[in-house]
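One structure is given here, and the rest of the page talks about it.
To find a chain, count down the sequence lines: A is the first, B the second, and so on, and within it residues start at 1.
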Amino acid sequence: MSLNEEVELLRNVPLFANLEPSKLKLLAFTSERLTFRKDQDLCTEGDMGDAAFIIIEGECDVLISTAGGAMTSVAKAKKHDFVGEIAILCDVPRTATVRALRDVTVLRISKELFFRLVREFPEMAVQIMRELAARVERTNSQLARALGRASN
Amino acid sequence: MEKSIFKYILRYSARQQINLTILAAISFPFVYAFYELPKLIINKAIQVNPEDFPRPFELFGIDFGALGVPEVGQLPWLFSLCALFLVLVLINQGFKYVINVYKGLTGERMLRRLRYDLYGRVLRFPKSTFRNMSQGEIIPMITAEVEPLGGFIGDAYSQPSFQGGQLLVILGFLFAQDWRMATAAVALYPLQLYIIPKLQKRVNLLGKERVRLVRQLSDRIGETVNGVEDIHVHDTSRRERAEFARRLGTIFTVRYKIYRQKFVIKFINNFIQQLGPFFFYSIGGYLAIKGQLEVGTLVAAITAHKDLAAPWKELLNYYQQQADARIKYEVVVSQFEPVGLLDAEMQEQEPETDVALVGDAALVNVKLYDDQETAVVDGANLKFSLAERIALVGPPGSGREDLAMLLARLVTPSAGSITVGGADLAKAPEAIIGRRMSYVGAGGFVFAATVGDNLYYGLRHKQLRANIDEAAAQEHDAATSEARAAGNSVDDMRAEWTDYAGAGTDGPDALAIRALDVLDMVELTSDVYQFGLRGSIDPKSEPQIAQAVLRARMRLRERLDADETAGHLVERFDRALYNANATVGENLVFGNPVGDAFNMDRLGENAYVLEILEKAGLTEKALQTGHQIAATMVELFADLPPDHEFFQQFSFISSEDLPVYQAILGRVGKDHLDQLKPDERARIISLTFLLIPARHRLGIMTEEFQGQILEARKMFAENMPENLRGAIEFYESENYIAASNLQDNILFGKVSYGEAEAASRVGQLLSDVIAETDLRETVVRVGLNFHVGIGGTRLTPAQRQKLILARSLIKRPDLMIVADGLSSVDPATLARIVERVVEEFRGRSLVWLVQLAELAARFDRVVVMRSGKIVKSGTFEELNGSGDGLANLIEDKA
């Protein structure tokens, strides 16, 4: 896949939809394209994060460890999803483990590059806020459903 | 050292000086004859009545006729005398040559001795000297300032005797002709002798001042170099410039004054010199007109005066030189006689046998005063067995560092005595202090050499035997007689110095094993292992290592082939396949460049590479690709600020070059590549060669192009011209690549760009393979050859400190003192190191300045210092149990 195709792909990621093509090209060129094999972890819960990932191809499981120590899948991440951004945004350890369900190709965006983009393009920051808010909303409703089930 | 340069010269080169004087004396008769002969030619051969010939030949009062030589005519007379004249010219010039060369030899030899003596003194300076005297002062004294002394030393005694003698000879000749004229010629000399020294004295003082100022200037430059960080941090370059300008200004003023005065002297000198002819012409002329003097006599006087001028001038020059040299010598030597200079005996004495220190160490009422006369150690008393391991603790300012330095004899006590194993430290030679004892402190230094050299530094006290390499040994022996004549060391640097027995081993191999132990002890092994991976070996001199590396290469290949997930991690070099993780240039050349014939960053400038491109029909394609890369780079990077880190990390083109490419692209479109100038073509093609398809993903590397490059690779190897053979070491899976490092030799390929965590997984694989093939030790040994850079700058501070500690450990001292030399090592590591070193010193003595109470628990005894005194001593349990606990004793709760 060439740089131009990667740019096309980035354009389909909601977060980057509004960026100028030349910036997208720079983003694509300066990020690393990596392949994770099945069962390899993109990031591990508890580690300090230094990069976020855009999934180009494949599917991942988002896992968090429960009180008993077992890993529970809380979501799936698929093509065009942006994962791993919380740890680099808030300087906290990774909140979840992201594991490849099959061979997964990603663009790895370093923390430094990510911040540079957020600073330079406020519309990207707004986009991130939206995304995060949506996730909180989703989690809340999942929690409500779970509580409802438990009381039944 | 001798206070005066003349004494110094006489003491060490009296024989040479006498030889020079004798040589000068032997030459005088010839000089006399040389002056006499022209007169004879005129009087006896030219201005003689031809009818007087033939007559017997006679010269300098020798009658050759009486010896049976037949009478000769006028012309033979003339030519014989002229031939003799020519012979005398040769003899006199010959004397000059021999004398000058001998002078040069004497001077250079003495200069060598002087420098060696001065350096020897630096080695014996007490530590306190370096507080008042900087590198910037010491270095120019030993290098530049004494340099002119070499020239003077050859002249010191011979010049006055030679020139003075010549003067006397000419004078004698003149007196023999006409005593009145001779007197007249030298009549003004006393005046010169009176005035010139007076003027010279002022110049000398200025000269002294100049030397001092220049020394301060170099000191200042040294300070700038050391403080450059703070200059940038605080934006003080303008002030530094002003300061420097002020100093230059002062030096300028002094130098200008020297010039003026020098030429005043010259002026007066020449004036007095010319007064002679003035008197001759005026007074002599007056007398001649009055008929009281013959004209011939007057002309003779003027000529004589002229002849005298040359040696007289030389003598005056000599006088100026000697004044200058005397001052220089005195100024330099006085700086090299600090108070407390270590006795030379103590450094050079070699003990007959190397005896271990056993018994006790005792400090009796030891006091040490600092510069302000404050007692930093104030009556310390301590006795410990040389089998005891002691933690020395105390609050900052308690004098513990000073006590440690006293114990290592880096400073000598102001009062009291220290004995270690019966040896009085004040009188012990360095052969004991530096071999049976060791010290690790904040001032520890890593020399600009390899890790191994630094590690073994403490084992290299003396030359143990001659060089095994006979040619090198002979070369050294040839140079020793000259070194001896200059009083220099005659030890052979390249012979065996490493004291294997001192490290408890019997040879290089055993020492290397011991080195690994010590590296483990200070946790430096994995660092050195990493150096080793990046290090290279010479497969010719170490074929067994090369073989082992090739085995590891095979093993890695098996591992990669066996494991499906690992298979993608490394893309191996294969002559038949294009390597997408290597640059286009590497793919074409397919080998490691040796020497400078091929520069991988600028392959587009290489004539042979261009020729191959042309042959393969690739020139057009390479230009198009390069043009496209340039266009992409300009598009991506044009609006980034020039100092943006992306340039270094990602761009093919540096920020300075970007405008150049912008201009090229603006002028030449991609359809008119034939309009490129030759140097632009080279630039553009070079870009193509830097492309790594797997990394850069520009989508311009088609399979067709890859196939063409493979074709070109073949041509490149096959058509290599004679003069370039050997400039590339081609990749062959059975061959060790000498120009490459161990890691690349084992990998024999490129780590894949697109694989997640490839670098760390490959590192792990490498480490496994190296362990499986028993190469780890070898890699660490190769790592010992890693060059640490000037002052060890290629190591981290923690690595430097560990290395300095390891250096002390490997020589197995009977008493080791560790003071504050491990500040950069993290606490957890430090605790582990302390534990291991304490264990290592079972049965020997260790004094460690520990900062943390819990570390002290590992030692046999804890000694507490406060206000320069030893206030408590006992086991950790005893001290920790009583009252506040040890932690409070360490902190200043008084």
Side-chain angles (χ1 to χ4, degrees), chain A residues 1-10 19-44 47 50-51 53-58 60 83-84 98-100 102-117 119-121, chain B residues 560 563-571 580-581 625 628-641 643-653 655 658 690-703 705-706 751-762 764-765:
Chain A
M1 188 184 291
S2 79
L3 206 56
N4 289 331
E5 290 167 295
E6 284 170 12
V7 170
E8 272 314 302
L9 198 132
L10 282 174
L19 289 187
E20 291 169 47
S22 73
K23 293 298 154 201
L24 283 180
K25 207 167 183 179
L26 183 63
L27 174 64
F29 187 69
T30 52
S31 55
E32 248 179 301
R33 193 177 62 197
L34 294 176
T35 307
F36 286 86
R37 304 288 161 180
K38 185 174 182 314
D39 291 335
Q40 232 182 324
D41 292 344
L42 278 67
C43 56
T44 309
D47 285 0
D50 59 351
F53 305 92
I54 296 161
I55 298 175
I56 298 176
E57 195 62 70
C60 302
V83 297
V98 179
R99 184 165 295 164
R102 50 194 167 91
D103 283 5
V104 171
T105 312
V106 301
L107 274 187
R108 179 182 180 278
I109 299 178
S110 68
K111 183 173 173 175
E112 185 189 314
L113 176 63
F114 181 74
F115 271 104
R116 205 182 130 75
L117 287 169
R119 261 198 308 277
E120 283 179 21
F121 309 105
Chain B
L560 288 172
D563 184 349
E564 203 192 322
T565 59
H568 318 279
L569 292 175
V570 179
E571 188 175 7
N581 287 292
T625 311
Q628 203 177 337
I629 294 172
T632 311
M633 291 305 123
V634 167
E635 182 193 347
L636 289 177
F637 293 97
D639 39 350
L640 285 181
D643 54 349
H644 201 284
E645 59 201 284
F646 281 2
F647 274 110
Q648 256 206 338
Q649 275 177 293
F650 300 106
S651 181
F652 282 67
I653 301 174
S655 56
L658 202 66
L690 291 175
L691 184 72
I692 303 173
R695 179 180 172 200
H696 297 118
R697 322 187 300 274
L698 294 176
I700 45 184
M701 202 65 209
T702 58
E703 282 196 14
F705 190 20
Q706 297 187 357
V751 176
S752 294
Y753 277 100
E755 288 296 320
E757 292 158 12
S760 65
R761 289 172 67 196
V762 168
Q764 187 53 50
L765 255 179

Heavy-atom closest contact (B/L636 atom, A/L26 atom, distance):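 Shortest heavy-atom separation between B/L636 and A/L26 comes out as CD2-N, 3.5 Å.
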Where A/F29 and B/M633 come nearest, the two heavy atoms and their spacing: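 A/F29 and B/M633 have their closest heavy atoms at CZ-CE, 3.6 Å.
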Contacting region of A/L24 [heavy-atom separation from chain B under 4.5 Å]: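 The answer is neither part of A/L24.
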Toward chain B, the part of A/D41 with a non-hydrogen atom under 4.5 Å: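 Contact with chain B: backbone only.
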Can you tell me how far the [atom1] atom of [X] sits from the [atom2] atom of [Y], to the nearest 0.5 Å?
X      : Y      : atom1 : atom2 : result
A/N4   : B/R697 : CG    : CZ    : 11.5 Å
A/R33  : B/H696 : CZ    : NE2   : 13.0 Å
B/E757 : A/Q40  : CD    : CD    : 5.5 Å

Contacting moiety of B/E755, where chain A heavy atoms sit under 4.5 Å: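 For B/E755, heavy atoms of backbone and side chain both lie under 4.5 Å from chain A.
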Side chain / backbone / both / neither for B/Y753 at chain A, heavy atoms under 4.5 Å: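 For B/Y753, backbone heavy atoms alone lie under 4.5 Å from chain A.
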